[in-house]
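Proteins get letters first, then strands, A, B, ... in listed order; numbering begins at 1 in each.
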There are 2 protein chains.
Amino acid sequence: MTRSEIKAFFKAMRPYLAPSTLDELSDCCDYLKLPKGTALIQEGKRHHYCYFITKGAVKSYYLNDGKEICSWFAFERETVSTIKTFAGQPSNETIKLIEDSAFIRVNIKAFKALAESNISIGRLTHELLIEHAIFLEELLYLKSKPGKERYQELINAEPQLLQRVSLTDLASFLGISRETLSRIRSKS
Amino acid sequence: MTRSEIKAFFKAMRPYLAPSTLDELSDCCDYLKLPKGTALIQEGKRHHYCYFITKGAVKSYYLNDGKEICSWFAFERETVSTIKTFAGQPSNETIKLIEDSAFIRVNIKAFKALAESNISIGRLTHELLIEHAIFLEELLYLKSKPGKERYQELINAEPQLLQRVSLTDLASFLGISRETLSRIRSKS
DNA sequence: CAATCTATTTGACATATGTCACAAAAACTA
DNA sequence: TAGTTTTTGTGACATATGTCAAATAGATTG
């Protein structure tokens with residue numbers, strides 16, 4: 001992916017970013033492709049990058065009694081990091097690729113420095129934080145419902161999930177057992 | 001509460017705020033006392049203020065099939081708003097006082113304008129957003145556990161909750177029925 | 001393509017939790 | 001304080017969900 005493609009990516013994401021801002025931003029970025037199964041961020045470790053998915057898919061999870069609990073999935077054009085990473089603290093989640101994927105990667109320190117010197121990048125990080133919080137609130141709302149409704153609402157809102165996420169991961173995300181998910185699906 | 005008490009409140013909250021910044025900030029604030037039961041923010045409506053609790057307690061909830069589902073509680077020195085309110089959108093939660101309470105109130109537009117003109121207020125709003133996101137992630141983590149553990153971890157982390165929150169609200173927050181909470185409590 | 005491995009489905013069963021009804025306790029109110 | 005309302009606790013029961021084991025389907029590899 002060329003530098004001008006990186007700029008086009010951010011321009012599509014936030015049309016308000018001026019050409020000079022896109023120059024500054026893309027200077028801090030690099031591009032990388034990684035195979036399915038790679039861990040982008042690991043539970044318990046500090047990381048220094050924020051990622052934007054240009055192709056592929058990831059899941060975020062943490063371990064509870066040795067069992068993976070999925071907290072979310074992300075796909076093309078979505079921003080991927082953990083808030084703890086953003087805050088400079090060790091992550092409490094692992095982010096792993098569930099497909100061969102490609103990312104634009106930004107160093108968080110450089111990103112924050114830019115945000116302080118360039119007001120529209122400041123606006124971008126502010127908006128990313130607000131969107132992340134809204135996303136988390138929607139997750140909480142979803143998770144407050146009974147399992148059956150959780151599945152149906154989710155599939156209604158994002159039918160493409162079923163094509164790209166294993167039912168095992170989906171069940172753990174929904175907070176129900178694989179078997180229960182299978183039964184919910186066979187009845188509807 | 002006098003203007004200098006308001007300044008002292010923010011100074012205690014963020015020691016990095018300079019006297020001149022505290023002046024600017026406190027100019028946008030007012031102070032108000034409200035009785036138990038008052039709704040600070042209502043589901044479906046747009047609101048224009050962010051609150052800081054100086055005394056008292058609130059709960060946030062939304063309705064599902066006519067039933068209240070508590071999403072969080074907040075107490076002295078905590079910041080109270082909804083992220084949707086912050087984003088200028090109608091709130092999807094109602095925030096109601098569960099004790100007679102007192103607040104410092106800031107107009108969100110003025111707060112955001114200050115954040116753009118004064119870099120340390122910008123830092124403050126940025127930090128508030130990050131803390132809110134971390135708070136939501138911890139809630140999600142808590143809610144991914146079985147009901148019994150949710151209760152025990154919560155009471156372990158915040159024993160004072162039991163003194164200030166009704167068991168009905170606590171059960172709805174934990175996502176279990178009142179009766180189940182009562183049984184969990186009587187066994188432990 | 002056969003062989004192997006992984007993911008998903010199904011059955012049987014135990015258990016946790018919700019619901020409803022009612023009792024007891026506590027908090028308000030006049 | 002007595003009466004009323006609200007909150008909390010208990011019992012009985014139905015049901016949803018988890019767990020374990022095994023079968024089936026699907027994917028991957030040589």
Side-chain angles (χ1 to χ4, degrees), chain A residues 35-39 56-59 61 63-70 73 96-101 142-155 159-188, chain B residues 34-39 56-59 61 63-70 73 94 96-101 142-155 159-188:
Chain A
K36 177 173 172 172
T38 309
V58 306
K59 67 175 174 184
Y61 66 89
L63 295 177
N64 203 339
D65 290 327
K67 261 177 41 181
E68 276 188 22
I69 312 233
C70 273
F73 305 100
K96 203 171 256 187
L97 313 208
I98 57 176
E99 297 174 5
D100 293 343
S101 305
L142 181 72
K143 297 219 174 182
S144 74
K145 308 203 160 188
K148 200 176 289 180
E149 291 176 38
R150 283 205 289 279
Y151 172 73
Q152 277 148 0
E153 286 205 14
L154 185 67
I155 293 314
Q160 76 285 4
L161 266 187
L162 280 179
Q163 321 305 321
R164 303 183 73 176
V165 166
S166 79
L167 293 174
T168 302
D169 285 343
L170 189 59
S172 114
F173 171 74
L174 291 170
I176 57 182
S177 70
R178 227 164 8 105
E179 293 89 336
T180 299
L181 177 57
S182 179
R183 288 179 183 118
I184 288 173
R185 282 163 50 73
S186 69
K187 270 173 211 151
S188 60
Chain B
L34 293 167
K36 176 173 174 173
T38 310
V58 306
K59 67 175 175 184
Y61 67 89
L63 295 177
N64 203 339
D65 290 326
K67 261 177 40 183
E68 276 188 23
I69 313 233
C70 272
F73 306 100
T94 296
K96 204 172 256 188
L97 312 210
I98 57 177
E99 298 174 3
D100 294 342
S101 306
L142 181 71
K143 297 219 173 182
S144 74
K145 309 203 156 186
K148 201 175 290 183
E149 290 177 38
R150 283 205 288 281
Y151 172 74
Q152 277 149 359
E153 286 207 13
L154 185 68
I155 293 314
Q160 77 284 4
L161 267 188
L162 281 179
Q163 320 306 321
R164 303 183 74 176
V165 165
S166 78
L167 293 174
T168 302
D169 285 342
L170 189 59
S172 114
F173 171 75
L174 291 170
I176 58 182
S177 70
R178 229 166 7 105
E179 293 89 337
T180 298
L181 176 58
S182 179
R183 286 176 186 120
I184 288 173
R185 281 163 52 74
S186 69
K187 272 173 212 151
S188 62

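- Nucleotide C:dT17 holds its P atom 10 Å from the CD atom of B:E149, rounded to whole Å.
- The B:R185 side chain lies nearest to D:dG9 when the options are D:dG9, D:dG18, C:dT8.
- Regarding contacts with the backbone of D:dG9, every side-chain N or O of B:S186 stays at 4.0 angstrom or more from both OP1 and OP2.
- Checking D:dT17, D:dT19, D:dT8 against every side-chain atom of B:S166, the shortest atom distance belongs to D:dT8.
- Proximity of A:L162 to A:R185: side-chain heavy atoms (C-beta onward) are separated by under 4.5 Å at one or more points.
- Of the two residues near DNA chain C, A:E179 and B:P146, the one whose nearest nucleotide lies more 5' is A:E179.
- If you measure from atom CG of B:L174 to atom P of C:dA16, you get 18 Å, rounded to the nearest angstrom.
- In this structure, the CG atom of A:L170 is 15 Å from the C1' atom of C:dT9, given to the nearest Å.
- D:dA16 atom C1' lies 8 Å from atom NZ of A:K148, rounded to whole Å.
- Note: CG (A:D169) to P (C:dT6) measures 15 Å, nearest angstrom.
- Distance from the side chain of A:I176 is smallest for D:dG18 among the nucleotides D:dG11, D:dG18, D:dT8.
- Between the CG atom of A:D100 and the C1' atom of D:dT28 there is a distance of 14 Å, rounded to whole Å.
- In this model, no side-chain donor or acceptor of A:R178 finds a partner on the base of D:dG18 within 3.5 Å.
- A heavy-atom distance below 4.5 Å is not found between the side chains of A:K148 and A:K187.
- OP1 or OP2 of C:dT17 has not a single side-chain nitrogen or oxygen of B:S177 nearer than 4.0 Å.
- For the pair A:K59/A:F173, no side-chain contact is recorded, criterion being any heavy-atom separation below 4.5 Å from C-beta on.
- Put simply, A:S182 has a side-chain N or O that comes within less than 4.0 Å of OP1 or OP2 on C:dT9.
- For A:K67, the listed nucleotide lying nearest its side chain is D:dT19; candidates were C:dG18, D:dT19, C:dT9.
- We find that CD1 of B:I184 is positioned 9 Å from C1' of C:dT17, with the value rounded to whole Å.
- Minimum atom distance to the side chain of B:T168 is reached by D:dT7, of the listed D:dT7, C:dT19, C:dT9.
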request  = Could you please spell out the steps behind the salt bridge (Lys or Arg N to Asp or Glu O under 4.0 Å) verdict for B:D100 and B:K36?
outcome  = CA-CA 4 Å; B:D100 294 342; B:K36 176 173 174 173; over 6 Å; no
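- Put simply, CG on A:L162 is 14 Å from C1' on C:dA7, counting in whole angstrom units.
- Contact annotation: the side chain of B:R150 approaches that of B:I176 to within less than 4.5 Å [non-hydrogen atoms, C-beta and beyond].
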